[in-house]
Amino acid sequence: MPALQPVRGTRDILPEDMRRFRQVVDTAQDLCARYGYREMATPIFEFTEVFSRPLGETSDVVSKEMYSFTDRGGEQITLRPEATAAVARALLSQGLAHELPLKFFCHGPMFRYDRPQKGRWRQFHQINVELLGVADPLGDVEIAALGWHILEELGVRARTTMELNTLGDAESRQAYRSVLVDYFSDHRGKLSQDSQARLTRNPLRILDSKDEGDKEIAAGAPALTAHLNQASVDFFAIVREGLDALGIAYTLNPYLVRGLDYYSHTIFEFTTEDLGAQASVLGGGRYDGLIELLGGPATPGVGWAAGIERLSMLMAAPPPGPGPIAVVPVGAQAQLKALSVTQDLRRAGFAIELGFSGNLKKRMKRADKLGARAAILMGEDELAQNAATVRDLESGQQELVPLDALCERLAKFR
RNA sequence: GUGGCUGUAGCUCAGUUGGUCAGAGCACCGGUUUGUGGUACCGGGGGUCGUGGGUUCAAACCCCAUCAGCCACCCCA
C-alpha cells in the first residue's frame, strides 16, 4: 500500500456528495416504476466470458479495460465493466427467457481500467434500464423516452443533446462494414495511427475520429444510410416517428457509433459540453444479438446506461432535509431520562440527536451546527415536574412542556 | 497506453533571485458566558512543504525518479 489514499480512479463519496448520488438513483427508481421497469441486481463480478463474448474481444473494454483476476478456485473472474451483459446472463441463468417481455432497472458500481480524468473513474456508478423480448421499434421509443424523462426530472436535460443514429440490422451492418473497410483501406496510409488500428478493430469508429486528416477522409466515405436494407430503414422511421410524437428532440448523427459489438439498429447518446472530454451522460441502444452471443435463444433487447457521477456533476444539489431535534440533558441525573425520551421520540418518527458528552453549552453548539430546529432541555427543574423545556432554535423562544405532551408539541418541527 | 500542467495545514491558497519561509483565511478546539446555540472578542492544536533520491555550506524553492490529481488523445457512463 503506497499511502493512505484511495486506489487510483476510485473515491470516497461523503454525505454531502451522496445527496446528489441518492437523488439520481431515487429519481430513476421512481420513474422506472412508472414505466413498469422493476429493480433487480446482478453480482458485481462474473465469469470473464460473460463480458468478453458479447462485448467483442477487440472492443476497448475487453482488450484493455477489464479488471480481471483468477480466483482461488482458478476461475477467471471480471469486475463488471457494464451491466447489460450481466443482466442478459441473469435472464438465461434464471430461465426468464420464457417470461418475456421483461423490463428491468438496476444501478451500482462498474469497473474499467481507464486513465482517470474529470468525469471518468475506474470505479464509477451507473443506472441501467433494459427492455428484453421486445422487437418492436416502439420499445426503442419507450426506452429513449424514459431516459429523456429522467434527465428532465433531474433538471439536466436542457444541458444535453440527444444524438441518434441507426446501425441497421445485422445484415445491413455487415454489408456496410465491408464497404467501409474497402474504402478506408484505399486511404490507409493517410489515416492516423489510431484509425489504422481501428480499421481492423472497429472500422465504424473511424467515422467518429477527432483527427483532422481522418475527418477529411471520413467525409468522403460511403454513407450507412445507402446500405441499410428496407427493413432497417422502416424500423428507424418508426423510431423517429415515435420520438417526434412525444416531442423528444434529437440530432441525427450518422457518425455516432458505439464501442460494443452487440449493438444494432437504434443507438443514441445524450451528450453535454459541460464535462470536458467526457461528453456522454447517458447512452444505449438496441442489442438484438446479445443474448444469442451468450448462448441463449435469439432475443431482442434495448436499453441504456447513465453515469451517476456525471449526472451528479451536472445537477444542482437537492435541498437539505429538515434538521433534527436535539435532546439536551443538563447534569448527570438527567442522562438516563433523556436517553429514554430520545428513544420514545425516535419511535414516534422524529429525527433526534442526543449528544454523547459535553456540558449544556457544548451540546447547544453541537445542536446548532447540526442544523437542529429545536432543542429539548432536561435538567433537575424539568425532571421534578416530569416535563422538558422545548426551545425553538430559530426564534429563541422556549416553554416548559409536560413529557406526555411532547410529541404533540413537537409536531411542527417534524 | 501516449503527451502536457500541477502537488505547501481538513479546505482555498501566500511563500520574492535556494539563506528565520513554514504562513494567511476558512474550518476545528478552548475561553469570555460553571442551565442555553447562532454574532463578537481572545487564545490554541494541526504540516518531516506528495514520496524517495541527488546537487549545495544551505532546498518548499534546482535536478532525477515515483505516486496522485487535472487537461488532452484514446474510450466511454
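The chains referred to below are lettered A, B, ... by the order of the sequence lines, with proteins before strands, and numbering in each begins at 1.
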*Whole-Å distance separating the NZ atom of A/Lys361 from the P atom of B/U36*: 8 Å
*Residues touching RNA chain B, which here means a heavy atom under 4.0 Å, drawn from residues 18-34 of chain A*: none
Every protein N/O within reach of nucleotides 46-49 of chain B N/O, cut-off under 3.5 Å:
none

*Would you say A/Tyr35 has more than 12 foreign heavy atoms packed within less than 6.0 Å of its OH?*
yes
*asked:* Around atom CD of A/Gln333, are there more than 12 heavy atoms from other residues, nucleotides or ligands closer than 6.0 Å?
replied: no
*Go through residues 324-345 of chain A and report each residue with a non-hydrogen atom lying under 4.0 Å from RNA chain B, sorted by number.*
none
*Which sits closer to the 5' end of RNA chain B, A/Gly284 or A/Leu377, going by the nucleotide each is nearest to?*
A/Leu377
*Contacts of A/Phe47 that satisfy ring pair (Phe, Tyr, Trp, His ring centres under 6.0 Å) - sequence neighbours left out*: none
_A/Gln193 side, atom CD; A/Asp214 side, atom CG - distance, nearest 0.5 Å_ = 11.0 Å
*So which pairs with a foot in residues 359-385 of chain A pass side-chain hydrogen bond (donor to acceptor under 3.5 Å, both in side chains), sequence neighbours left out?*
A/Glu382-A/Thr389
Please write out the pairs of protein N or O atoms and N or O atoms of nucleotides 26-30 of chain B separated by less than 3.5 Å, giving the distance to one decimal.
unit_1	atom_1	unit_2	atom_2	d
B/C29	OP1	A/Lys369	NZ	3.3
B/G30	OP1	A/Lys362	NZ	3.2

*Which nucleotide in the list B/A77, B/G37, B/C74 gets nearest to the side chain of A/Arg112?*
B/A77
*asked:* For a quick check under 3.5 Å, do A/Thr70 and A/Glu75 share a side-chain donor-acceptor pair by atom type?
replied: no
*Roughly, in whole Å, what's the span from CG in A/Asn359 to P in B/U32?*
10 Å
_Partners passing ring pair (Phe, Tyr, Trp, His ring centres under 6.0 Å) against A/Tyr37 (at least two apart in sequence or in another chain)_ = none
_Taking the basic N atoms (NZ, or NE/NH1/NH2) and the acidic carboxylate oxygens, is any pair closer than 4.0 Å for A/Asp288 and A/Arg286?_
yes
_Output field: ring centroids A/Phe236/A/His265 closer than 6.0 Å_ = no
_Under a 4.0 Å threshold between the charged nitrogen and the carboxylate oxygen, would A/Glu130 count as salt-bridged to A/Lys103?_
no
*Describe, in one word, how the ring planes of A/His227 and A/Tyr176 are oriented to each other, choosing from parallel (under 30°), tilted (30 to 60°) and perpendicular (over 60°).*
tilted
*Taking only Lys NZ, Arg NE, NH1 and NH2, and the carboxylate oxygens of Asp or Glu, determine whether A/Lys64 and A/Asp60 approach each other closer than 4.0 Å.*
yes
Check nucleotides 69-71 of chain B against the protein and report each pair of N or O atoms closer than 3.5 Å, with its distance, or say if there are none.
unit_1	atom_1	unit_2	atom_2	d
B/G69	OP1	A/Gly9	N	3.3
B/G69	OP2	A/Arg8	NE	2.7
B/C71	OP2	A/Lys118	N	2.5

*Taking atom P of B/C75 as reference, at what distance in whole Å does atom CZ of A/Phe124 sit?*
16 Å
*Results of salt bridge (Lys or Arg N to Asp or Glu O under 4.0 Å) for A/Glu394 - residues two or more places apart only*: none
*How many Å lie between CD on A/Gln398 and P on B/U36, as a whole number?*
10 Å
*Grab the CD-P distance between A/Glu163 and B/A77 for me, whole Å please.*
13 Å
*What orientation do A/His187 and A/Tyr183 show, parallel under 30°, tilted 30 to 60°, or perpendicular over 60°?*
tilted
_Applying a 3.5 angstrom cut-off to the pairing atoms, does RNA chain B sit in any stems of at least three consecutive Watson-Crick or G-U pairs? List them by first number._
B:1-7 with B:67-73, B:10-13 with B:23-26, B:28-32 with B:40-44, B:50-54 with B:62-66
_Atom pair distance, as rounded to whole Å: CG in A/Asp392 and C1' in B/U36_ = 14 Å
*Provide, to the nearest angstrom, the distance between the CE atom belonging to A/Met364 and the C1' atom belonging to B/U34.*
16 Å
*Compare the minimum distances between each of B/C75, B/C74, B/U33 and the side chain of A/Lys64, then state the nucleotide with the smallest one.*
B/C74
*Which residue pairs pass the side-chain hydrogen bond (donor to acceptor under 3.5 Å, both in side chains) test when at least one of the two sits in residues 399-409 of chain A, sequence neighbours left out?*
A/Glu399-A/Arg409
*asked:* I need the full list of side-chain hydrogen bond (donor to acceptor under 3.5 Å, both in side chains) pairs touching residues 242-251 of chain A, with sequence neighbours left out, sorted by first then second residue.
replied: A/Asp244-A/Tyr250
*Spacing of A/Glu382 atom CD relative to B/U36 atom C1', expressed in whole Å*: 11 Å
